[in-house]
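To keep things clear, I will list the structure first and then write my remarks on it.
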Amino acid sequence: IFLSVEESRLPRLKDLLDRAVCVGRFVEVFLEGASIDEINQKLPGTDYEFTLEKKINDTHCSDFIYETVKRELLSPESFSFTVFGQYKKLARKTKIEHIEQLALPQIQGKCDLASPDRVFILGELYEYPSQKLLRVFWGKDLFKIQKRTPFNSRYALTNRLMLGPTSTEHNLAFLMANMGQAHKDQILIDPFLGTGSILIACSHFEALCFGSEIGGNISLYCVNCLY
């Protein structure tokens with residue numbers, strides 16, 4: 001799922017990414033089209049004059065976008081590329097071919113796969129289940145994420161020393177914590193504690209958590225022997 005975000009909300013996006021379970025990344029989209037060829041038609045020329053002359057009649061190709069593309073291509077900051085397909089798995093060879101199809105003028109910065117200053121994104125949206133290409137966009141990851149490891153992965157049930165028969169899966173627990181807007185010093189009570197999965201998620205956000213359970217011994221053991 002792709003959602004557009006207003007520029008005025010950008011300062012809060014990093015905080016959202018730090019606690020969101022279902023958000024992968026935030027991308028500043030420079031150019032988009034029905035195919036890579038259509039994006040190439042919108043790119044500035046290779047002579048680095050960047051006259052900002054629109055090559056096609058497209059309302060998305062504003063002077064602001066051309067200035068943004070110009071800034072990114074001329075920037076000395078290092079970079080890397082990430083390519084992904086929505087509803088279609090792309091092989092490594094295919095990803096490289098698609099990067100090469102993107103007719104970018106030579107980027108002035110150095111390519112750095114280990115620790116880049118910028119991560120460019122080439123995203124491809126396919127129709128499900130036909131896998132027909134619908135849309136392609138090129139942009140930059142706002143937070144330089146190459147391969148994101150979910151912040152809550154260490155709470156996965158497979159990392160628990162002990163589980164109960166109905167222990168809540170960690171992603172679901174964090175979704176519930178976000179729905180409850182768990183935050184620092186908030187008091188939360190779970191009257192059916194079980195093995196504590198939901199309150200574990202809430203405590204990650206520094207909430208003050210209390211719980212009760214008819215089988216208190218197993219709850220106490222699970223909470224004390226989590227990791």
Inset, instruction - Please report the C-alpha distance between Glu28 and Thr68 in whole Å, then the side-chain angles of each, then the deciding distance to 0.1 Å, and finally whether the side chain to side chain contact (heavy atoms under 4.5 Å, CB included) criterion is met. - result: CA-CA 10 Å; Glu28 179 184 5; Thr68 301; 3.9 Å; yes
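- Under the rule for a side-chain hydrogen bond (donor to acceptor under 3.5 Å, both in side chains), Asp190 has no partner lying at least two apart in sequence or in another chain.
- Contact check for Phe151 versus Asp18: no side-chain heavy atoms found under the 4.5 Å cut-off.
- The nearest pair of heavy atoms linking His98 to Leu122 is O-CD2, 3.8 Å.
- The two atoms that bring Leu157 and Thr168 nearest to each other are CD2-O, 3.5 Å, heavy atoms only.
- A donor and an acceptor atom, one from each side chain of Ser167 and Ser197, are nowhere located under 3.5 Å apart.
- To the nearest 0.5 angstrom, Ile107 atom CD1 is 10.5 Å from Leu74 atom CG.
- Using a 4.5 Å cut-off on side-chain heavy atoms (C-beta onward), Leu172 and Met176 make contact.
- A side-chain donor-acceptor contact under 3.5 Å links Ser203 to the backbone of Leu199.
- Annotation: side chain of Arg25 is not in contact with side chain of Phe143 (no heavy-atom distance under 4.5 Å).
- Scanning all heavy atoms of the two residues, the minimum distance from Arg19 to Gln181 falls at NH2-C, 4.3 Å.
- Rounding to the nearest 0.5 Å places OG1 of Thr82 at 11.0 Å from CZ of Phe120.
- The distance from atom CD1 of Ile200 to atom CG of Leu193, rounded to the nearest 0.5 Å, is 8.5 Å.
- Between the CG atom in Leu208 and the CG atom in Leu188 there is a gap of 8.0 Å [rounded to 0.5 Å].
- Contact between Val21 and Asn171 at its shortest, heavy atoms only, is CG1-OD1, 3.5 Å.
- A 4.5 Å side-chain heavy-atom check between Asn178 and Phe205 finds at least one atom pair inside the cut-off.
- In plain terms, the two heavy atoms of Asn40 and Gln101 that are nearest each other are ND2-O, 2.9 Å.
- A donor-acceptor contact shorter than 3.5 Å is absent between the side chain of Glu124 and the backbone of Val136.
- Applying the side-chain hydrogen bond (donor to acceptor under 3.5 Å, both in side chains) criterion to Ser78, with sequence neighbours excluded, gives Asp117.
- Minimum interatomic distance between Lys95 and Val83 (heavy atoms only, all atoms of both residues): CE-O, 3.3 Å.
- The CG atom of Leu31 sits 6.5 Å away from atom CD1 of Ile39, with the distance rounded to the nearest 0.5 Å.
- Arg118 places a side-chain N or O within donor-acceptor distance of the main-chain N or O of Glu77, the cut-off being under 3.5 Å.
- Classified by interplanar angle (parallel below 30°, tilted 30° to 60°, perpendicular above 60°), the ring pair Phe137/Phe84 is perpendicular.
- Phe81 pairs with exactly one of Val119, Ile99, Ile96 by the side chain to side chain contact (heavy atoms under 4.5 Å, CB included) rule, that one being Ile99.
- Classified by interplanar angle (parallel below 30°, tilted 30° to 60°, perpendicular above 60°), the ring pair Phe174/Tyr155 is tilted.
- Salt-bridge check for Arg135 with Glu32: passed, with a basic side-chain N closer than 4.0 Å to an acidic carboxylate O.
- Both Ile36 and Leu133 are assigned to one and the same hydrophobic cluster, defined by single-linkage of ILVMFWY side chains at heavy-atom distances under 4.5 Å.
- Atom CD of residue Gln108 and atom CG of residue Leu73 lie 8.5 Å apart, to the nearest 0.5 angstrom.
- Using a 4.5 Å heavy-atom threshold, the side chains of Asn152 and His204 count as separate.
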Inset, instruction - Before giving the answer on side chain to side chain contact (heavy atoms under 4.5 Å, CB included), spell out for Tyr126 and Leu90 the whole-Å C-alpha distance, their side-chain angles and the decisive distance to 0.1 Å. - result: CA-CA 11 Å; Tyr126 291 86; Leu90 301 177; 3.9 Å; yes
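- Using cut-offs of 30° and 60° for the angle between ring planes, the Tyr128 and Tyr87 rings count as tilted.
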